[in-house]
Amino acid sequence: MKHAVTRSLMAAAITLGSGSTLALEQGDWIVRVGAAHVNPDASSDSVAGSTLDVGNDTQLGITLGYMYTDNIGIGLLAATPFKHDIELVGTGTVAETKHLPPTLTLQYHFAPRSNVRPFVGAGLNYTNFFSEEGKGALAGSSIKLDDSWGLAAEAGVDIDINDRWFVSGQVWYLDIDTKADISGVANNVNVDIDPWVVMIGIGTTF
Ligand code: NI
């Protein structure tokens, strides 16, 4: 069953990829829109004898790219605000927060003239947390998460549907480390969120 699914996905990718080519070159802008899923690989300092974990979320993602040369591009990841539950392991959800993690990367495009265009990138992430709120055992407590600057790595591939549109898959690893202040409980709690972000969507160039 698994192999059948893999085979049909590969066949679909080859069918998509065999259409006419949407070649990239210096000066092109690229826009991609899709579902962006943030999956934290969280860890934290000890809080009340346990640690904090951070849940997943999916939002509308948008990436904007600019080809600085035929192979070197600049990429920006933006999205509608992500909302995450914060869990005290063993206790349950004790808070939630929203955040925006704009990420700027310098990219290398391996095959800008192909109809299957892989690329990799590295750069910087800035994450702004807002609307933090205590829940459950911490309902009514004030919680503050510091903004974070960190390194980002990405990989992606665009596969042409026709000479105007392509399907796109992108993945980022973001180093997001924050400090949490939970009034009356703990201050300066180091929380490493360090999520994988996966975005599947469609795109075009102009
Ligand atoms: Ni980290």
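Order of listing sets the numbers, starting from 1, for every ligand and every atom in it.
- Between Y108 and F110, the ring centre distance stays below 6.0 Å.
- Between the side chains of T178 and D146, not a single donor N or O lies within less than 3.5 Å of an accepting N or O.
- The atom of D175 that is an N, O or S and sits closest to the Ni ion (ligand 1) is OD1.
- For D177, the N, O or S atom with the smallest separation from the Ni ion (ligand 1) is OD1.
- For residue D192, no N/O/S atom approaches the Ni ion (ligand 1) to within less than 2.8 Å.
- By the 30° and 60° cut-offs, the orientation of the rings of W149 relative to Y126 is tilted.
- Relative ring orientation between F206 and W29 is described as parallel, the plane-to-plane angle staying below 30° on a 0-90° scale split at 30° and 60°.
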